[in-house]
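For reference, the structure is listed below as structure tokens.
Just so it is clear, the structure is predicted and the values come from calculations on it, not from any experiment.
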Amino acid sequence: MSDIVDRGLKKAGIHVSKPILAVICVIFGLALFIFPELVGYLIGVFLLVQGIIFLVEYYSSSGNKKS
């Protein structure tokens, strides 16, 4: 799963090392335990980022195809 996220981030032009991603995940996990009402916002942000990554991946791969 982390490889998929890493490839998606690189295609979107975002380069983050795996240890930094791990720290971000731990921080978000702790934030959810402390502030459970953040779940909706964090899921919304996650879905927005994933949607952007998927669109960038789609358009970059469709631009490489020859018709």
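L30 and I20 fall into different hydrophobic clusters, defined by Ile, Leu, Val, Met, Phe, Trp and Tyr side-chain heavy atoms under 4.5 Å apart, directly or through other members. By the rule that hydrophobic residues join a cluster once side-chain heavy atoms approach within less than 4.5 Å of another member, L47 and Y41 end up as members of one cluster. Hydrophobic clustering, with ILVMFWY side chains joined whenever heavy atoms are under 4.5 angstrom apart, groups I43 together with I24. I34 and V39 fall within a single hydrophobic cluster, where Ile, Leu, Val, Met, Phe, Trp and Tyr side chains are chained together by heavy-atom contacts under 4.5 Å.
We find the CD-CD1 distance between E57 and I52 to be 14.0 Å, quoted to the nearest 0.5 Å. Note that CD of Q50 and CG of L55 are 11.0 Å apart. Values are rounded to the nearest 0.5 Å.
The heavy-atom pair separating L32 from L38 by the smallest distance is CD2-C, 4.1 Å.
Other cluster members for F33: none, since no ILVMFWY side-chain heavy atom sits under 4.5 Å from it. Residue V23 belongs to a hydrophobic cluster whose other members are I27, with links defined by side-chain heavy atoms closer than 4.5 Å.
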